[in-house]
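One-based numbering, in listed order, for ligands and for the atoms of each. Only this structure's heavy atoms are used, side chains among them; waters, hydrogens and symmetry mates stay out.
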Amino acid sequence: MEGTQRDKLIWRSKEEEAEDKRAKVDIYKYIFGFVEMAVVKCAIELGIADAIESRGHPMTLLELSSALDCALPTLYRIMRFLVNRRIFKEIRDDASVQGSQACNLYAQTALSRLLLRSGESSMAVFVLMESSPPMLAPWHGMSARVKDEGADSSAPFEAANGKDLWSYDAANLAHGQLFNEAMACNASVRRWWKACPWIRGINFDLPHVVSVALESDGVEHVGGDMFDSVPKADAAFLMWVLHDWADDECIQILKKCREAIPEEKGKVIIVESVIEINNDQQKLKEEELKLKDVGLFLDMVMIAHTNKGKERTLEEWAYVLGQAGFIRHTVRSINTVSSVIEAFPA
Ligand SMILES: C[S@@+](CC[C@H](N)C(=O)[O-])C[C@H]1O[C@@H](n2cnc3c(N)ncnc32)[C@H](O)[C@@H]1O
């Protein structure tokens, strides 16, 4: 008996030792967590992916520094970091020799192509928007919001920038444009109108947003306030809108959507994250786990950037939809950060 207890103690302390060791490494992820975002922002601003793309083939450091007109030694360190993070690839090129050394070439990866300044799948503007000073400043006010939940003054974005995000963007049109372009990066869904030309779409948003929206065949731009009314249509489509608001505000918006659609055949289509708390993590593939992580990250973004927004669980979605008078709804996972929820009034 004594021996077993001693063995157990030794075994536990080995496990704890390993945990301590891991913690001492993991802590740096949090100390320097911002570095990855900052270096990726730097890569986008320098136009590293764009330079390699326009050259049409991998480039040496010398070619890259002369194309970007920047200091070779610092660019080398930036590239070393980005290669280490697998954002660019370094490939050996025996054909180009400098002195007695073969020169390595920097090449694109699927990830670096997402950092191109233009192109259908570019996410560059999304990075630039999230790393812009007005979006970064509110992160310092998270603990104040948690402590003073409910007090208007505790909203981190308002505390840092003097106004909520929507009023700030209406007054600072350049930032508003950056925000709208970032949202467009994510909303490849907007191309649905091209895929389904028989659909007549109404792009409904705040007046300062629709006033700068690009003309697009089959899409009518309508400015307004969804808390007052929503344009009449067969279906209302809301992507990444409801997560910006508290439950009572969501219920108001959903009621306006219900008034806008036909009672019998209408539906509201919602594209948002669904937070699953008790999922069996073991059964999920690595990508699925990462997507679930993004949902939790977005939930933190809602704390920092909105007054009372949040990502919702299945139960929380059922609550707001039920309170808004929808009698049934379906939820479909579409293998992205978001799921599709369809809600029916009848
Ligand atoms: C997170 S963005 C999502 C935009 C778009 N659905 C997308 O996925 O690209 C939220 C949108 O809600 C709009 N919005 C905020 N308050 C609004 C209001 N009271 N009435 C109408 N639109 C509003 C914002 O201007 C912004 O475009």
Checklist entry - Is there a ring pair (Phe, Tyr, Trp, His ring centres under 6.0 Å) between Phe344 and His329 once you walk through the steps? => result CA-CA 6 Å; Phe344 305 89; His329 67 273; 9.2 Å; no
Checklist entry - What residue and atom, counting heavy atoms only, is the protein's closest point to atom 18 (C) of ligand 1, and at what distance? => result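 Closest protein heavy atom to atom 18 (C) of ligand 1: Leu206 CD2, 3.4 Å.
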Next on the checklist: Return the closest protein heavy atom for atom 7 (C) of ligand 1 as residue, atom name and distance.
Outcome noted: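 I find the closest protein heavy atom is Arg190 NH2, 3.7 Å.
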Checklist entry - Are side-chain heavy atoms of Tyr319 and Arg312 found at a separation under 4.5 Å? => result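 No, too far: nothing below the 4.5 Å cut-off.
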Next on the checklist: Which option wins on minimum heavy-atom distance to atom 24 (C) of ligand 1: Val271, Val301, Asp205, Asp228?
Outcome noted: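 The residue whose heavy atom sits nearest atom 24 (C) of ligand 1 is Asp205.
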Item to check | Option set His208, Met226, Glu181, Met239, criterion heavy-atom distance to atom 8 (O) of ligand 1, minimum | outcome: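 Selected option, by shortest heavy-atom distance: Met239.
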Between [Y] and [X], is there a side-chain donor-acceptor contact under 3.5 Å, judged purely by atom types and distance?
{"X": "Asn307", "Y": "Glu158", "answer": "yes"}
{"X": "Ser338", "Y": "Trp240", "answer": "yes"}
{"X": "His243", "Y": "Ser273", "answer": "no"}

Quick check on contacts: which atoms of ligand 1 are under 4.0 angstrom from a heavy atom of [X]?
{"X": "Trp240", "answer": "1 (C), 2 (S), 3 (C), 10 (C)"}
{"X": "Asp225", "answer": "18 (C), 19 (N), 20 (N)"}
{"X": "Asp244", "answer": "1 (C), 10 (C)"}
{"X": "Gly224", "answer": "20 (N), 21 (C)"}

Item to check | salt bridge (charged side-chain N to carboxylate O under 4.0 Å, His left out) between Arg80 and Glu90, intermediate numbers included | outcome: CA-CA 9 Å; Arg80 182 172 61 187; Glu90 197 170 7; over 6 Å; no
Item to check | Proximity to ligand 1 by part of Val209, non-hydrogen separation under 4.0 Å | outcome: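 Answer for Val209: side chain.
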Next on the checklist: Atom NZ of residue position Lys89 - does it have more than 12 heavy atoms of other residues, nucleotides or ligands inside 6.0 Å?
Outcome noted: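 Atom NZ in Lys89 is not packed in, count stays at 12 or less.
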Item to check | Trp245 near ligand 1 by a heavy-atom separation under 4.0 Å | outcome: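 Yes.
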